[in-house]
Amino acid sequence: MNSMVAPCGKPGYVKISTGYLAKEEKPAIVPVATVIAMAKEEGADSLKYFPMGGLKCREEYEAVAKSCAEHDFNLEPTGGIDLDNFKEILSIAVNAGVKKVIPHVYSSIIDKETGLTNVDDVKALYAMIQEVVPS
């Protein structure tokens, strides 16, 4: 189970008011370490970090990855991930020491004409994983 958090514009902090009700309230900006502790208490095993906008919030993402590694927590980067930034996004988390990284690659690998997943893109992503993740 993951706990969804969002970038907030401040490295080391995330917005936790991401649900359909909470998003209408005043934003809750919380230190990443606190969010991880809270998520663990609720039974979650990863942070779903969304929406990243690819690498638009790189400094914040690096801080989230570092905190996940320090607290033995998994990370699910999500939003704007494509073939151009996948390897770097994965590398940031792996180099920070995150044990399990689950990048969500959605529509960027879907053939716009057929609506099907582009198998060559999946193969390219897999090759990048093999380059980044130690065997």
Side-chain angles (χ1 to χ4, degrees):
M1 178 173 78
N2 65 37
S3 181
M4 191 166 81
V5 297
C8 67
K10 184 177 179 183
Y13 291 79
V14 291
K15 182 170 87 170
I16 62 171
S17 47
T18 57
Y20 69 97
L21 294 175
K23 71 179 182 177
E24 302 301 323
E25 302 299 328
K26 183 178 176 184
I29 309 302
V30 179
V32 179
T34 302
V35 171
I36 291 171
M38 292 169 62
K40 283 182 175 183
E41 290 170 345
E42 295 298 320
D45 62 2
S46 67
L47 287 186
K48 181 175 183 180
Y49 191 58
F50 173 80
M52 288 181 46
L55 286 164
K56 289 181 181 174
C57 58
R58 180 191 178 108
E59 191 177 348
E60 289 179 75
Y61 174 62
E62 289 171 343
V64 168
K66 181 181 178 201
S67 194
C68 283
E70 289 172 351
H71 295 91
D72 193 27
F73 212 59
N74 302 321
L75 178 56
E76 301 182 38
T78 310
I81 301 175
D82 57 27
L83 290 173
D84 293 328
N85 59 28
F86 178 86
K87 186 175 179 180
E88 189 170 359
I89 289 168
L90 180 61
S91 294
I92 289 168
V94 169
N95 293 338
V98 180
K99 291 180 183 170
K100 187 182 284 184
V101 185
I102 309 165
H104 292 247
V105 182
Y106 297 115
S107 59
S108 69
I109 62 168
I110 301 297
D111 183 296
K112 307 306 183 243
E113 292 179 22
T114 66
L116 301 174
T117 300
N118 184 326
V119 175
D120 289 334
D121 288 353
V122 174
K123 289 177 182 177
L125 292 170
Y126 185 70
M128 288 181 228
I129 292 168
Q130 290 178 310
E131 290 176 31
V132 173
V133 179
S135 304

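Just so it is clear, the model here is predicted, and its values are computed rather than measured.
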Nearest-0.5 Å distance that lies between atom NZ in K112 and atom CG in N118: 9.5 Å
NZ/K56: more than 12 non-hydrogen atoms of other groups inside 6.0 Å: no
Donor-acceptor pair, side chain of N74 and main chain of D45, under 3.5 angstrom: yes
Do any side-chain atoms of residues 24-36 form donor-acceptor pairs under 3.5 angstrom with protein atoms, and if so which ones, sequence neighbours left out?
none

Residues that, via side-chain heavy atoms closer than 4.5 angstrom, fall in one hydrophobic cluster with Y20: L21
From H104 atom NE2 to T78 atom OG1, the distance as rounded to the nearest 0.5 Å: 4.0 Å
Results of salt bridge (Lys or Arg N to Asp or Glu O under 4.0 Å) for K48 - residues two or more places apart only: none
Hydrophobic cluster membership, I102 vs V105, 4.5 Å side-chain cutoff: no
Side-chain touch P77/V101, heavy atoms, less than 4.5 angstrom: yes
F50 with V98, same ILVMFWY side-chain cluster at under 4.5 Å: no
Inter-residue atom distance S91.OG - E131.CD, 0.5 Å rounding: 8.5 Å
Any L47 side-chain heavy atom under 4.5 Å of V14 side chain: no
P7 vs P51 side-chain heavy atoms within contact, under 4.5 Å: yes
Short side-chain to backbone donor-acceptor contact, E60 and C8, under 3.5 Å: yes
All salt bridge (Lys or Arg N to Asp or Glu O under 4.0 Å) counterparts of E42, not counting sequence neighbours: none
Worked verdict on C57 versus Y49 for side chain to side chain contact (heavy atoms under 4.5 Å, CB included): CA-CA 11 Å; C57 58; Y49 191 58; 4.0 Å; yes
ILVMFWY cluster membership beyond Y106 - transitive side-chain contacts under 4.5 angstrom: none
same_hphob_cluster(M52, M4) at 4.5 Å side-chain heavy-atom cutoff: no
Stepwise side chain to side chain contact (heavy atoms under 4.5 Å, CB included) test for V5 and V64: CA-CA 10 Å; V5 297; V64 168; 5.7 Å; no
D121 side chain to A124 backbone, donor-acceptor under 3.5 Å: no
Any side-chain heavy-atom pair of S17 and K23 under 4.5 Å: no
K123 atom NZ: more than 12 heavy-atom contacts under 6.0 Å: no
Salt bridge (Lys or Arg N to Asp or Glu O under 4.0 Å) partners of D72, counting only residues at least two apart: K99
Verify same cluster id: I16, F73 (apolar side-chain graph, 4.5 Å): yes
Exceeds 12 heavy-atom contacts within 6.0 angstrom, atom CD of E59: no
Separation of E76 CD from C68 SG (nearest 0.5 Å): 10.0 Å
Shared hydrophobic cluster for L125 and V94 (ILVMFWY, side-chain gaps under 4.5 Å): yes
Side chain to side chain contact (heavy atoms under 4.5 Å, CB included) assessment of T117 paired with I110: CA-CA 4 Å; T117 300; I110 301 297; 3.5 Å; yes
Between NZ on residue K10 and NZ on residue K15, distance to nearest 0.5 Å: 15.5 Å
Spacing of CD belonging to E62 relative to CG belonging to N95, to within rounding of 0.5 Å: 10.0 Å
